[in-house]
**Q** 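Shown below is the structure under consideration.
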Amino acid sequence: MIRYLLIALGTVILVFAATVFVFFYTLPNPKTLSGCLKTSLYSVDLCPKHSRYVKLKNISHYLIHAVIAAEDGSFYSHKGFDWHEMKQSFELNWRTGKMRRGGSTLTQQLAKNVYLSKDKSYWRKLREAYLAAEIEKLYSKDFILEKYLNVVEFGPNLYGIGPAAEHYFQKPPSLLTALESAYLAHLLPNPKVYSRGFKRGELSNFSKKMVQVILRRMVSFGKLSQSAYD
């Protein structure tokens, strides 16, 4: 009996060691984010030298705060994870038995967009979490936000705030208004679906509601005055 227990324990240890080895051996190197690269998720050229790339200083502060309000309100205070959101997501996913809610911060989204895939598995989420932690150690918040805004999807085959501002409003990102910024921010959870109203030339009731929600959040965060909201 003891012999079989030792064999079983040895097998478990071996499998665990192999899993840990594969996990770390196959991880991308987040240091590559400081240079030019092609992203894994959508094959986007992410490079400061590219004509589509926009520096953070050239992006409207309305857009910056709208995205934070919509996607990650504690961005500048967390270390890569929003533990409350992660807890809520885990509980929902556990109850339903499906990966319905992500609870990802902007840093986690950046890690996924640049290095990973759409796979909704706990293995991918674990890799995403590790990469997010490493990115937070290596780079400043402004650096992370700049990279995110230059790679995130705003519509079908539309990646980065530069092309998005031109496509939707025919202007550079620096000139986006609060209302335009809230519209772009509301697209982020599901840009292919939420941008359909643009093609029809009208906002859906859902889009109107979400734009208002984002603007109200900006007011509550002190990034938009009440008079400007009114």
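Since the structure is predicted, the reported quantities are computational estimates derived from the model, not experimental observations.
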**Q** Is a donor on one side and an acceptor on the other found under 3.5 Å between the side chain of Thr177 and the backbone of Glu180?
**A** yes

**Q** Just by modelled atom types, is the Ala132 backbone N or O under 3.5 Å from a matching donor or acceptor in the Thr107 side chain?
**A** no

**Q** When rounded to the nearest 0.5 angstrom, what is the spacing between CZ in Phe143 and OG in Ser34?
**A** 6.0 Å

**Q** Would you compute the distance between atom OH of Tyr229 and atom CG of Leu224 and round it to the nearest 0.5 angstrom?
**A** 9.5 Å

**Q** Assess whether side chain to side chain contact (heavy atoms under 4.5 Å, CB included) is satisfied between Ile68 and Leu145, documenting all intermediate values.
**A** CA-CA 9 Å; Ile68 291 174; Leu145 185 58; 4.3 Å; yes

**Q** Is the shortest heavy-atom distance from the side chain of Val114 to the side chain of Ile135 under 4.5 Å?
**A** no

**Q** Looking at residues at least two apart in the chain, or sitting in another chain, which of them share a salt bridge (charged side-chain N to carboxylate O under 4.0 Å, His left out) with Glu153?
**A** Lys192

**Q** Is it true that a side-chain atom of Lys79 and a backbone atom of Glu136 form a donor plus acceptor pair closer than 3.5 Å?
**A** no

**Q** Is it true that Phe221 and Val67 fall in one hydrophobic cluster, defined by side-chain heavy atoms closer than 4.5 Å?
**A** no

**Q** Please list all pairs passing the side chain to side chain donor-acceptor pair (under 3.5 Å) test where one or both residues lie in residues 60-69, with sequence neighbours left out.
**A** none

**Q** According to salt bridge (charged side-chain N to carboxylate O under 4.0 Å, His left out), who are the partners of Glu146, at least two apart in sequence or on a separate chain?
**A** none

**Q** What I'd like to find out is whether the side chain of Tyr130 reaches to under 4.5 Å of the side chain of Leu126, using heavy atoms alone.
**A** no

**Q** Is it the case that the side chain of Lys125 and the backbone of Ser104 share a donor-acceptor pair, with hydrogens and angles ignored and the cut-off at 3.5 Å?
**A** no

**Q** Is it true that Leu175 and Leu184 fall in one hydrophobic cluster, defined by side-chain heavy atoms closer than 4.5 Å?
**A** no

**Q** Is any side-chain heavy atom of Leu33 closer than 4.5 Å to a side-chain heavy atom of Leu46?
**A** yes

**Q** Ring centroid separation for His167 and Phe154, is it under 6.0 angstrom?
**A** no

**Q** Roughly how far, to the nearest 0.5 Å, is OH of Tyr76 from CG of Leu106?
**A** 9.5 Å

**Q** Ignoring hydrogens and geometry, is there a side-chain-to-backbone donor-acceptor pair from Ser204 to Ser207 under 3.5 Å?
**A** yes

**Q** Keeping Tyr53 on the side-chain end and Gly162 on the backbone end, is there a donor-acceptor pair under 3.5 Å?
**A** no

**Q** Check step by step if side-chain hydrogen bond (donor to acceptor under 3.5 Å, both in side chains) holds for His50 and Asn150.
**A** CA-CA 10 Å; His50 201 287; Asn150 276 281; over 6 Å; no

**Q** With ring-ring contact (aromatic ring centres under 6.0 Å, His included) as the test, pick out the partner of Tyr194 among Tyr168, Tyr183, Phe206.
**A** Phe206

